[in-house]
*Asks:* 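Submitted below is the structure of interest, expressed as structure tokens.
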Amino acid sequence: FGNFLNFQQRVKISLFDDFGNLFHTNEVQLNPYGQTAFSTVTAFPSSVGKSGTIRLESQQVGLTGFGLRFNLRKNYFIVVPQF
């Protein structure tokens, strides 16, 4: 995801399982016009073997991004729409 504003933003990342239970949170700082990318299982080892939802929250507007959903057993991926 990226920050298209000219000031730094703090972004809260929350991971929820398929039942809506929160199981991990983290925060990242995005520089002005900055961007970041991560692999969920590398950045959040507690997510290994789970499926669910990732929520990104910021106090300001100005975030944009998209996700890729991989299925390693069937060798395909899906692009999650830009937000």
Side-chain angles (χ1 to χ4, degrees):
F1 54 95
N3 173 14
F4 64 82
L5 299 177
N6 65 351
F7 54 86
Q8 190 174 43
Q9 286 203 66
R10 184 177 64 211
V11 180
K12 180 179 177 184
I13 303 171
S14 302
L15 279 66
F16 297 87
D17 64 19
D18 280 337
F19 301 103
N21 300 309
L22 176 67
F23 68 89
H24 186 85
T25 61
N26 195 9
E27 286 190 357
V28 297
Q29 296 286 337
L30 280 181
N31 291 326
Y33 307 111
Q35 60 187 1
T36 189
F38 59 85
S39 165
T40 307
V41 296
T42 303
F44 311 108
S46 62
S47 69
V48 173
K50 295 182 180 179
S51 60
T53 304
I54 298 175
R55 180 170 60 197
L56 305 174
E57 297 175 87
S58 178
Q59 298 297 316
Q60 303 292 327
V61 299
L63 293 179
T64 186
F66 67 92
L68 299 174
R69 182 176 182 185
F70 291 89
N71 184 325
L72 298 178
R73 283 180 237 136
K74 296 184 180 180
N75 295 319
Y76 72 87
F77 70 92
I78 299 169
V79 176
V80 179
Q82 179 177 339
F83 60 89

*Asks:* Does T64 form a side chain to side chain contact (heavy atoms under 4.5 Å, CB included) with F1? I'd like the steps, not just the answer.
*Replies:* CA-CA 6 Å; T64 186; F1 54 95; over 6 Å; no
*Asks:* Restricting to ring pair (Phe, Tyr, Trp, His ring centres under 6.0 Å), what partner residues turn up for F38, sequence neighbours left out?
*Replies:* F44
*Asks:* Please say yes or no: joined through hydrophobic side-chain contacts below 4.5 Å, possibly via intermediate residues, are L22 and V28 part of one cluster?
*Replies:* no
*Asks:* Atom NZ of K50 and atom OG1 of T40: how far apart are they, to the nearest 0.5 Å?
*Replies:* 13.0 Å
*Asks:* Looking at side-chain heavy atoms only, is the closest gap between H24 and S47 below 4.5 Å?
*Replies:* no
*Asks:* Tell me, do R55 and F16 make a side-chain contact under 4.5 Å, heavy atoms counted?
*Replies:* yes
*Asks:* Rounded to the nearest 0.5 Å, how far apart are CG of L15 and OG1 of T53?
*Replies:* 9.0 Å
*Asks:* What is the distance from atom CG of N26 to atom CD1 of I54, rounded to the nearest 0.5 Å?
*Replies:* 11.0 Å
*Asks:* Quick one, L30 and T36 - any side-chain contact, counting heavy atoms below 4.5 Å?
*Replies:* yes
*Asks:* Which Ile, Leu, Val, Met, Phe, Trp or Tyr residues join V41 in one cluster when any pair of side-chain heavy atoms under 4.5 Å counts as a link?
*Replies:* V48
*Asks:* Enumerate donor-acceptor pairs with a distance under 3.5 Å from any side-chain N or O in residues 6-13 to protein atoms, sequence neighbours excluded.
*Replies:*
from : atom 1 : to  : atom 2 : distance (Å)
Q9   : OE1    : S58 : OG     : 2.4
Q9   : NE2    : N3  : OD1    : 3.0
Q9   : NE2    : V61 : O      : 3.3
R10  : NE     : E27 : OE1    : 3.4

*Asks:* Checking the side chain of D17 only, and the main-chain atoms of G20 only, is there a donor and an acceptor separated by less than 3.5 Å?
*Replies:* yes
